[in-house]
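To start, the structure under review is shown below, and the notes come after it.
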Amino acid sequence: MTNSTTYVLDSDVFITAKNVYYAFEICPGFWKGLLREYEQGRVYSIDRVRAELLLGRPEEDLVQWVRKTVPEPFFRECTSDVTTAFSEIILWTQRHPRYSDQAKAKFATGADGWLVAYAKVHNAVVVTNEKPASESRAVIKLPDVCNQFNVLSKDTFVMLKELALKFDLVELK
């Protein structure tokens, strides 16, 4: 059975992988796997995530990977239909009485709302390591916004399992 689901990745997927469990020097297969799944049309991200990733130091391996290795179309542009969906999402967050003004401002300027809008328009799954926090006032969590707009969200490990990506040790002789 093949997986026809498409996954749109949050910046924290890349950053956490680089910093914690899939560092480039430890697990190059993770990064190669993302690109292979992109070539199969199953994994990608959006231009606003690319912009967030490029805010890192120019010499960082993640910044270098994005600049030199990742094909530019991996980071999809947000078209007018996505902009319309994004407007709905921002309107909902701005009108929501639970969230602080600071949380609303931060959400409005980040990539998260755009990710949800893109996934909604293109029937994709948002991949993030964030956990829901429906009672939070200080931070608007990506999974909570996904839930509000009927967009599936999953974490990196669920995506890897569903894509059947395996990182195996190759014994050198």
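Scope of the values below: all heavy atoms of this structure, side chains included, with no hydrogens, waters or symmetry mates. Keep in mind it's a predicted model, so treat the numbers as computed, not measured.
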- Roughly how far, to the nearest 0.5 Å, is the CZ atom of Arg48 from the CG atom of Asp10? 14.0 Å
- Would you name the heavy atoms of Ile89 and Gly113 that are closest together and state the gap between them? CD1-O, 3.7 Å
- Taking every non-hydrogen atom, the tightest pair across Leu34 and Phe14: CD1-CE2, 4.0 Å
- Apply side-chain hydrogen bond (donor to acceptor under 3.5 Å, both in side chains) to Tyr7 and Glu162, showing your working. CA-CA 10 Å; Tyr7 303 89; Glu162 290 179 357; 2.5 Å; yes
- Quick one: salt bridge (charged side-chain N to carboxylate O under 4.0 Å, His left out) pairs with a partner in residues 91-109, sequence neighbours left out? none
- Task: Kindly state each residue pair satisfying ring-ring contact (aromatic ring centres under 6.0 Å, His included) with at least one member in residues 119-147, sequence neighbours excluded.
- Result: Tyr118-His122
- Task: Using the rule that two of Ile, Leu, Val, Met, Phe, Trp, Tyr join whenever any of their side-chain heavy atoms come within less than 4.5 Å, decide whether Leu54 and Phe74 are in one cluster.
- Result: yes
- Pairwise ring-ring contact (aromatic ring centres under 6.0 Å, His included) hits with a residue in residues 130-153, at least two apart: Trp92-Phe149
- Message: Please list all pairs meeting salt bridge (charged side-chain N to carboxylate O under 4.0 Å, His left out) that have one or both residues in residues 119-148, counting only residues at least two apart or in different chains.
- Response: Lys131-Asp155
- Query: Where does the angle between the aromatic ring planes of Phe24 and Trp31 fall among parallel (under 30°), tilted (30 to 60°) and perpendicular (over 60°)?
  - Reply: parallel
- Task: Look only at the side chain of Ser153 and the backbone of Cys146, and say whether a donor-acceptor pair between them is shorter than 3.5 Å.
- Result: no
- Task: For Tyr44 and Ala124, work out which heavy atoms get closest and say how close.
- Result: OH-CB, 3.6 Å
- Which atoms form the tightest heavy-atom contact between Ala17 and Phe30, and what is the distance? CB-CE2, 3.5 Å
- By side-chain contact (heavy atoms from CB on, under 4.5 Å), which residues pair with Ser87, not counting sequence neighbours? none
- Note on the structure: Minimal heavy-atom distance between Ala119 and Val151, with the atoms involved, is CB-CG1, 3.6 Å
- Message: With rounding to the nearest 0.5 angstrom, report the CZ to OG distance, Arg42 to Ser4.
- Response: 9.5 Å
- Message: Quick check for you: to the nearest 0.5 Å, what is the distance between Leu9 atom CG and Thr156 atom OG1?
- Response: 7.0 Å
- Task: Say whether, by atom type as modelled, one donor and one acceptor occur between the side chain of Thr93 and the main chain of Ile90 under 3.5 angstrom.
- Result: yes
- Between Val121 and Val82, which heavy-atom pair has the shortest distance, and what is it? CG2-CA, 4.0 Å
- Is Leu53 reachable from Val20 through a run of I, L, V, M, F, W or Y residues, each pair having side-chain heavy atoms under 4.5 Å apart? yes
- Query: Rounded to the nearest 0.5 Å, what separation is found between the CG atom of Leu62 and the NZ atom of Lys18?
  - Reply: 6.0 Å
- Checking Trp114 side chain against Val49 main chain: does a donor-acceptor pair fall under 3.5 Å? no
- Task: Could you go through the ring-ring contact (aromatic ring centres under 6.0 Å, His included) check for Tyr38 and Phe75 one step at a time?
- Result: CA-CA 10 Å; Tyr38 158 73; Phe75 295 100; 9.0 Å; no
- Do Tyr21 and Phe157 make the cut of ring centroids closer than 6.0 angstrom? yes
- Note on the structure: One should read off an interatomic distance between Gln148 CD and Asn150 CG, to the nearest 0.5 angstrom, of 8.0 Å
- Residues forming a side-chain contact (heavy atoms from CB on, under 4.5 Å) with Glu77, sequence neighbours excluded: Asp47
- Pair Glu60 + Arg57, salt bridge at N-O below 4.0 Å: yes
- Message: Would the distance check show the side chain of Asp12 and the main-chain N or O of Thr128 forming a donor-acceptor pair, the cut-off being under 3.5 Å?
- Response: no
- Message: Strictly distance-based, threshold 3.5 Å: is any side-chain N or O of Gln64 a donor or acceptor partner for the main-chain N or O of Pro58?
- Response: yes
- Message: Determine whether the aromatic ring centres of residues Tyr22 and Phe167 are separated by less than 6.0 angstrom.
- Response: yes
